[in-house]
Amino acid sequence: MPEITFPEDLPVSGRREEIAKALTENQVIIVSGETGSGKTTQLPKICLQLGRGEKGLIGHTQPRRIAASSTAKRIAHELGTPLGEHVGYKVRFNDTLSKGAWVKLMTDGILLAETQTDPLLKAYDTIVIDEAHERSLNIDFLLGYLKQLLPRRPDLKVIITSATIDADRFARHFGTNEKPVPVIEVSGRLYKVEVRYRPIERDAVAIPTADPNKPVPKAVAAREKRDLMDGVVDAVDELCRIGSGDVLVFLPGEREIRDAAESLRKHHPPHVEILPLFARLSVEEQDRVFRTTNARRIVLATNVAETSLTVPGIRYVVDAGLARVKRYSYRNKVEQLQIEAVAQSAANQRAGRCGRVADGVCIRLYEEDDFNKRPKFTDPEILRSSLAAVILRMKSLHLTDVESFPFIEPPTPRAIADGYQLLQEVGAVDDNNELTPLGRKLARLPLDPRVGRMILAALDNACLTEMLIVASALSVQDPRDRPMEHQQAADEAHKKFADDKSEFLSFLKIWTWFEQAIEHKKSNRQLMDNCRANFLSQLRLREWRDVHSQLLTIVREQGWRLNEAPATYEQLHTALLTGLLGNIGFKDGEEPGAGYLGARGIRFHIWPGSYLVKKAGKWIMAAELVETTRLYARCVAQIQPEWIEKVGAHLLKKSYGEPRWEKRPAQVTAAEKATLHGLIIYSQRRIHYGPLNPREAREIFIRDALVGGDYDTRAPFFAHNRKLVKDIETLEHKSRRLDVLVDDQLIEAFYDQHIPQDIINGAGFEKWYKEASRDNPKLLYLVREELMRHEAAGVTTDMFPKAMSVTGIEMQLTYHFEPGSVRDGVTLAVPLFALNQVSAERAEWLVPGMLKEKVHLLLKSLPQKLRRHMVPLPDYAGKFMDRIHAKMAFGRGNLIDVLIADIREQTGIHVLTADFKMETLPAHHFMNFKVIDEHGRQLDMGRNLAALQAEFGRQARAQFQKMAEGTAPTGEGASGALSVPAAVALQAGAA
DNA sequence: TTGTGGTGT
């Protein structure tokens, strides 16, 4: 062991005895202190001095890879040993540790991953969790894990380091509220920072609308932005007046950085260097921040400069107090990335960035009161994230349930339920929230569960080769660079990777391009230039390839087959869809700004920077949906709705409407509608309804097909029953009552009784009937008596004849019962040539079955003083009928005259024709005449015979003559029933 | 018409 020394100028060095003592006496201690205290580098050395690191490693975690490797290098350097020998680091894709090492720097993600293979973390005798106050998902998970582990590893020592303000929280977490674990506070070596509050001067112009439901009008948004830029410029001015020194300005995003850069450039002399700084900047652009020059530098940064990067030499800070914060919305299941006010802890961290080399000044662009009202801490990531991945990992580690896991701040039941729901959606857990075999496979993949699901689907779809490339691309940052100053050039360069239907395919094209670039490279330098010329980040390309090769290793270990034949669009995209079912969209309008309707009623738009923004089709899926100024879909591709049906079958909710009988397929169909998370995938699809609702389908089959008659069958019962019903219906019209035929329900009941329950369609019915009718041929035959109500028995052909003979010509009679209709009553079909032969007098008698009612009404129309001699009127009418029949006098003479004579005979009363009020009788008591031509076509119809004869009389006569001349000489006059001389004679007689 | 920063089986 080399000699261990401690740099005396670090605050932590002076407290090392105290720390060592606390660690000897306690299993867990908290060390709090601000940046510059030296805790990160010195703590492992204090542990070493205590003899730790011998039985097991001193594990030391950092939130970021860079920090892990640089800390390892520094400690190794301070111990005077080569990196990797006694002090090494392990991050993803890089492990420098040799066997006999004592100190292992690593990312917290690595330690978390190791719990999978080493659940008791036996490799370690001491663990330092650094920067615990950052409260990333990994850190919160580790803190819970360690809390559970401690009783089972009494020999394990744990040090948590944190910023001063939240040390207590950790102390209570590892101890109890009453007896927290010791906190050792080490001062930071920070200079004094003076904080000035310079709230933004709001423009005096009033904001026009106060409706909270309306979006902020553009003009107002623009004014607010200008106000912010004015505030930045004024603050920078104020700081520059204080003296020399570089300025760091915290802004929420790239856009604000660009605007501020523009405002400052207009305002400041050219020798001031204005440097943007955010994570997506190319390495070269970021490097400018670390090169110092003589000019004053104004660095415009996102919160990358709050924790991840330390900009050297900063004397002044301007804090807009804003940041974009990622939050997962459980309601819509989308991520939000909106600008929020930062917490006090973040504001203080920002201010601290100017106290590292000398006293500093920080200007906050908001009120002190505003600061004091802000929350103390940024919400930990676990309260802002989808928990699906966390739950999956916990399940595969066989940890206690999420519900009871000792999180520092446990997620809400609602968030947990949401996480389970997503896992169910991808099939990782079953209905009881237990891990499925598929879930176990997913847990083995170092990917978001949804991306992991795509890989498993790709295995089944024979597109794993392509999917590995796409899936790894989706889990790293986009390799495409789009520098602020060269956006158009970048877009132009990226065009060659574009595809008209899918942005996922762009990843494959970039991949191929890079493979070829590597293959044909002349030097590393040339490759780098090539990447730069194509606006691709070599760093991110490398990361992508690293993830890809890691996945490839797992795939080979599992023995999963890589396809050699190139996958089709459908193969790849249905596999992608398996993981993206929550991110589908349907364009429900043609106007340009319409956007897409998505799951759960959300509405989103394609990211404006997308190549497909104007050409994506009706149905799309998106790799991600993030709500910024609007809900935007990034990385989209066209899909077919049929794929959703196939891939999302387990999520489709189907409903059925309008069940109805269809004659041609001889089955009951219904309109099926399918929705996925409320989004209609299809509707109005006619499907066979029988299997879904056999009872209802059978009812409809009986009602509409068998009883309604909408059915094609050769089964004899059917024609028989139909005819029977039709006959009876004809009777109904004759008797002018609709209750002759029994109700349809009774006929339905008849079929219902005889047909087995499982008959739901034509095919099933025919099969059954064929068998069943063999033994019982009259099965399903309806019987006339059963179909008729007894009261209707009086309807006979004598009473309601089918035809009437007029001068030897048979004219058809039809009956219709429909009050108000022109056809109501009885209609006589009169051939044109015989029109003049029809006698109005005879027509007054109608048919025997209708006369009694007519007579009754005629009597009723008489004045009271006359009709009282005939009461009761119905009886008189009935007896009148009897007398007519007895005399065989039906149809003979004028009806009214005959009736007048009868009354006189029976009562001695003198009634005149004018006493009858004919106009009070309903229309159906007068014969309806239908004039037809020789082809049976109707020429006219009406009850006024005289009017018809006046109109058609001439034509009728001409046709009558023609027939008489044409037939008489050839001796064919007897054809039909026509006898011309007799007809002529009768006509004369009638006139 | 435009997205903060990290991490890994």
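Small disclaimer: the values here were computed from a predicted structure and weren't measured. All chains are named by letter (A, B, ...) in the order of the sequence lines, taking the proteins before the strands, and each is independently numbered beginning at 1.
Two residues, A/Leu337 and A/Ala443, neighbour DNA chain B, and the one matched to the more 5' nucleotide by heavy-atom proximity is A/Leu337. Between A/Ser475 and A/Lys326, the residue anchored nearer the 5' end of DNA chain B, judged by the nucleotide with its closest heavy atom, is A/Lys326.
Shown here are the salt bridge (Lys or Arg N to Asp or Glu O under 4.0 Å) partners of A/Glu306, two or more places apart in sequence or in another chain: A/Arg350. Residues meeting the salt bridge (Lys or Arg N to Asp or Glu O under 4.0 Å) test with A/Arg258, sequence neighbours left out: none. Legend: residues meeting side chain to side chain contact (heavy atoms under 4.5 Å, CB included) with A/Ala163, ordered by chain and number and at least two apart, are A/Glu34, A/His133, A/Asp166. Under the salt bridge (Lys or Arg N to Asp or Glu O under 4.0 Å) criterion, A/Lys376 pairs with no residue, sequence neighbours left out.
In this structure, CD of A/Gln116 is placed 5 Å from C1' of B/dT9, rounded to the nearest angstrom. Between the CZ atom of A/Arg324 and the P atom of B/dT2 there is a distance of 10 Å, given to the nearest Å. Rounding to whole angstrom units, CD of residue A/Glu627 and P of B/dT4 are separated by 15 Å. Rounding to whole angstrom units, CG of residue A/Asp448 and P of B/dG8 are separated by 16 Å. Computed from coordinates, the A/Leu474 CG to B/dG8 P distance equals 18 Å when rounded to whole Å. Here the P atom of nucleotide B/dT1 and the CD atom of A/Gln488 are 17 Å apart, to the nearest Å. Between the P atom of B/dT2 and the CG atom of A/Asp481 lies a distance of 21 Å, rounded to the nearest Å.
At a cut-off of 3.5 angstrom, counting only N and O atoms as typed in the model, there is a donor on one side and an acceptor on the other between the side-chain of A/Arg393 and the base of B/dT9.
When heavy atoms are screened at a 4.0 angstrom cut-off, A/Thr302 is found touching the sugar-phosphate backbone but no base atom. Residue contacts for A/Arg482: at a heavy-atom cut-off of 4.0 Å it reaches a base atom on one of the strands shown. Contacts of A/Val304 with the nucleic acid, taken as non-hydrogen atoms under 4.0 Å apart, involve only primed sugar atoms and P, OP1 or OP2. Residue A/Gln62 is classed as having no contact, given no heavy-atom separation below 4.0 Å to the nucleic acid. No contact: A/Glu114 has no heavy atom under 4.0 Å from any strand. Within the nucleic acid shown, A/Thr629 comes within 4.0 Å of sugar-phosphate atoms alone, with no base atom in reach, counting heavy atoms only. Across all strands, A/Arg64 comes closer than 4.0 Å only to sugar-phosphate atoms, never to a base (heavy-atom distances).
Out of B/dG8, B/dT2, B/dG6, the shortest distance to the side chain of A/Val91 is found at B/dG8. Comparing B/dT4, B/dG8, B/dT1 by their nearest atom to the side chain of A/Tyr632 picks out B/dT1. The side chain of A/Ala113 lies closest to B/dG8, out of B/dG6, B/dT2, B/dG8. In the set B/dT9, B/dT2, B/dT4, the nucleotide with an atom closest to the side chain of A/Arg92 is B/dT9. The side chain of A/Ile110 sits closest to B/dG8 out of B/dT4, B/dT7, B/dG8. Each of B/dT4, B/dT2, B/dT1 was ranked by its minimum atom distance to the side chain of A/Arg630; first place goes to B/dT1. Comparing atom distances between the A/Glu254 side chain and each of B/dT1, B/dG5, B/dT4 picks out B/dT4 as nearest.
Between the side chains of A/Glu285 and A/Ser282, a donor-acceptor pair is found at a separation under 3.5 Å.
Residue pairs that meet the side-chain hydrogen bond (donor to acceptor under 3.5 Å, both in side chains) test with at least one member in residues 438-454 of chain A, sequence neighbours left out, are A/Arg444-A/Gln558.
One finds no side-chain N or O of A/Thr628 lying less than 4.0 angstrom from the OP1 or OP2 phosphate oxygen of B/dT2. Phosphate contact (OP1/OP2 of B/dG8, side-chain N/O of A/Gln550, threshold under 4.0 Å): absent. The phosphate of B/dG8 has OP1 or OP2 within less than 4.0 Å of a side-chain N or O from A/Arg65. For the pair A/Thr107 and B/dG8, the criterion of a side-chain N or O lying under 4.0 Å from OP1 or OP2 is met.
A salt bridge links A/Lys495 and A/Glu492; the closest N-O separation between the charged side-chain nitrogens and carboxylate oxygens is under 4.0 Å. With respect to the salt-bridge test (charged N to carboxylate O, under 4.0 angstrom), the residues A/Arg540 and A/Asp478 do not qualify. Looking at A/Glu114 and A/Lys90, a side-chain N of the basic residue comes within less than 4.0 Å of a carboxylate O on the acidic one, giving a salt bridge.
Of the residues in residues 276-288 of chain A, those with a non-hydrogen atom less than 4.0 angstrom from any atom of DNA chain B are A/Phe278, A/Ala279.
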